[in-house]
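FYI, side chains are in, hydrogens and waters are out, and symmetry mates aren't considered; it's all heavy atoms of this structure. Numbers here simply count residues along the sequence, with the first being 1. Source: prediction; values computed, not measured.
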Amino acid sequence: MKRIGILTSGGDAPGMNAAVRAVARKALSSKLEVCGINYGYKGLVEGNIFEIKEKEVSDLIQLGGTTLYTARYPEFAEKEYQLKGIEQLKKHGIDALVTIGGDGSYHGAVRLTEQGYNAIGLPGTIDNDIPFTDRTIGFDTAIQTSVEEIDKVRDTAKSHGRIFVVEVMGRNSGEIALRTAIASGSQAVIIPEKPFDVDEIAGIVKDARRRGHEHQIIITAEGAIHAQDLTDQLANRGIDNIRGVALGHVVRGGAPTASDRVLASRMGSYAVDLLLDGQGGQAVGIEKGVITHHSMLDLFDSKAKTDLSMYDLANTLSY
Ligand code: F6P
């Protein structure tokens, strides 16, 4: 193996740059050449590929987003596009690939591996919804960002004695919402994994107000119910002085926390070790503090488990 490629794909996540840096530094120090592929699988198909030299990954570890750019590219599920991607890999002399992203990124990597290219996947998504890893790159930062924003909302909530419903990202996963709820001291949390009843939430809010909790924060994951919809429904149930705020894509931005940088660095270096060992089709993870790998095919047969003990804790502590 002489040359490896790196791409980021799907929703960007803080720490992706730190992962790119780690892959590049480890590869260069192992005397491999490194190519960056802009805009994920779309850029691969279009041949948006360039060589990464040593200095190009300097001053990168602290940056949010992805300087390799990213894209959602469902077309890559089709064989025609995969073959075009492989043609580009061959043209640029790239022997193996490291992909950093979520579920879609892994599917792309598996298809390349099936075509005889070694590809390794790193879990880069704020959602923390990838199996066989306790944490994904970007998750810690997304919680930190959400909590910092909610602390600001709390200032104005307190000043006005208001209820605020705050929406965080998470189309299919309540992981960000749960940690954010605990760390921001919320009154209630709503996630896609748990059915909820608006009458019950209205009851919780009213009861807490009766006990003197004039201002309260309710966290919802976008995939459960949008902040404004829940705000309207609670207002219709007689809860006054209530507002809704959607944090939206703010949750995905910002400089990665130290913890995400370290995780990305460990995983990036490990990915190159796997490739040097001739292994492809593997997904890197962290389990009980140890960096591990599993066949990507096993990943597709499993589903990431949301830690529902966090749900119980958030509800207990909201009393
Ligand atoms: O990256 C995952 C995620 O952040 C989800 O939580 C969210 O629903 C989605 O991306 C939004 O994606 P987009 O930016 O493409 O609308």
One pair to check against salt bridge (charged side-chain N to carboxylate O under 4.0 Å, His left out): Arg209 and Glu214. What are the steps and the verdict? CA-CA 5 Å; Arg209 264 197 168 156; Glu214 202 47 45; 3.5 Å; yes

Report the C-alpha distance between Ile52 and Cys35 in whole Å, list the side-chain angles of each, state the deciding distance to 0.1 Å, and finish with yes or no for side-chain contact (heavy atoms from CB on, under 4.5 Å). CA-CA 5 Å; Ile52 296 181; Cys35 281; 6.0 Å; no

Let me see the working for Gln228 and Asp232 under side-chain hydrogen bond (donor to acceptor under 3.5 Å, both in side chains), right down to the final yes or no. CA-CA 6 Å; Gln228 198 52 52; Asp232 295 343; 3.1 Å; yes

Check this for me: Asp155, atom CG, are more than 12 non-hydrogen atoms of other residues, nucleotides or ligands nearer than 6.0 Å? yes

Between Gln282 and His293 the two heavy atoms that sit nearest each other are OE1-CD2, 3.1 Å

If you define the side chain from C-beta out and look only at heavy atoms, does anything of Val272 sit under 4.5 Å from Leu274? no

Does the side chain of Arg266 reach to within under 4.5 Å of the side chain of Val262, using non-hydrogen atoms? yes

Show your reasoning for whether salt bridge (charged side-chain N to carboxylate O under 4.0 Å, His left out) applies to Lys2 and Asp95. CA-CA 7 Å; Lys2 268 184 64 190; Asp95 306 304; over 6 Å; no

Scan Thr231, Asp229, Ile225 and name whichever one has a side chain to side chain contact (heavy atoms under 4.5 Å, CB included) with Thr220. Ile225

For the backbone of Thr70 and the side chain of Thr8, can you confirm whether one donor and one acceptor N or O come within less than 3.5 Å of each other? no

Between Ala314 and Ala181, the two heavy atoms sitting closest are CB-CB, 4.4 Å

Provide the closest heavy-atom pair for Asn17 versus Thr67 in the form atom of the first, atom of the second, distance. OD1-N, 2.8 Å

Below 4.5 Å, heavy atoms only, C-beta onward: do Ser105 and Tyr41 meet side chain to side chain? yes

Nearest-0.5 Å distance, CZ of residue Arg25 to OG of residue Ser30: 13.0 Å

Do Gln82 and Glu78 have a side chain donor and acceptor closer than 3.5 Å? no

Do the side-chain N and O atoms of Gln279 and Asp277 include a donor-acceptor pair separated by under 3.5 angstrom? yes

Any donor and acceptor pair, going by atom type alone, linking the side chain of Arg171 with main-chain N or O of Gly223 inside 3.5 Å? no

Would you say the side-chain atoms of Thr306 pair up with the backbone N or O of Glu175, donor to acceptor, closer than 3.5 Å? no

Under 3.5 Å, is there a donor-acceptor pair linking the side chains of Thr145 and Arg252? no

Residues that, via side-chain heavy atoms closer than 4.5 angstrom, fall in one hydrophobic cluster with Ile130: Tyr106, Val110, Phe132, Met296, Leu297, Leu299, Phe300

Would you indicate whether Lys206, at its atom NZ, is surrounded by more than 12 heavy atoms from other residues, nucleotides or ligands within a distance under 6.0 Å? yes

For Ile86 versus Tyr117, what's the shortest heavy-atom pair and its separation? CG2-CE1, 3.3 Å

Is the distance between the ring centroids of Tyr69 and Tyr39 under 6.0 Å? yes

Enter the distance from Thr180:OG1 to Gln144:CD here, rounded to the nearest 0.5 Å. 9.5 Å

Neighbour count above 12 (heavy atom, 6.0 Å) for Glu46 CD: yes

Decide salt bridge (charged side-chain N to carboxylate O under 4.0 Å, His left out) for Arg135 and Asp260; before the verdict, give the C-alpha distance in whole Å, the side-chain angles of both, and the deciding distance to 0.1 Å. CA-CA 9 Å; Arg135 266 185 53 205; Asp260 269 332; 3.2 Å; yes

Exercise: do His294 and Glu287 side chains pair donor with acceptor under 3.5 Å: yes

Contact between Val165 and Arg243 at the side-chain level, heavy atoms closer than 4.5 Å - yes or no? no

Looking only at atom types and distance, does a side-chain atom of Thr141 sit under 3.5 Å from a main-chain N or O of Thr257, one as donor and one as acceptor? yes

Using modelled atom types and a 3.5 Å cut-off, is there a donor and acceptor pairing between side-chain atoms of Asp127 and backbone atoms of Asp129? no

Would you mind reporting whether Phe164 and Ile218 have side-chain heavy atoms less than 4.5 Å apart? no

Any chance you could lay out the salt bridge (charged side-chain N to carboxylate O under 4.0 Å, His left out) test for Glu149 and Lys152, step after step, and finish with the verdict? CA-CA 5 Å; Glu149 295 303 312; Lys152 292 173 194 152; 3.4 Å; yes

Provide the closest heavy-atom pair for Ala96 versus Leu275 in the form atom of the first, atom of the second, distance. CB-CD2, 3.8 Å

So does Lys158 get a backbone contact from the side chain of Arg162, meaning a donor-acceptor N/O pair under 3.5 Å? no

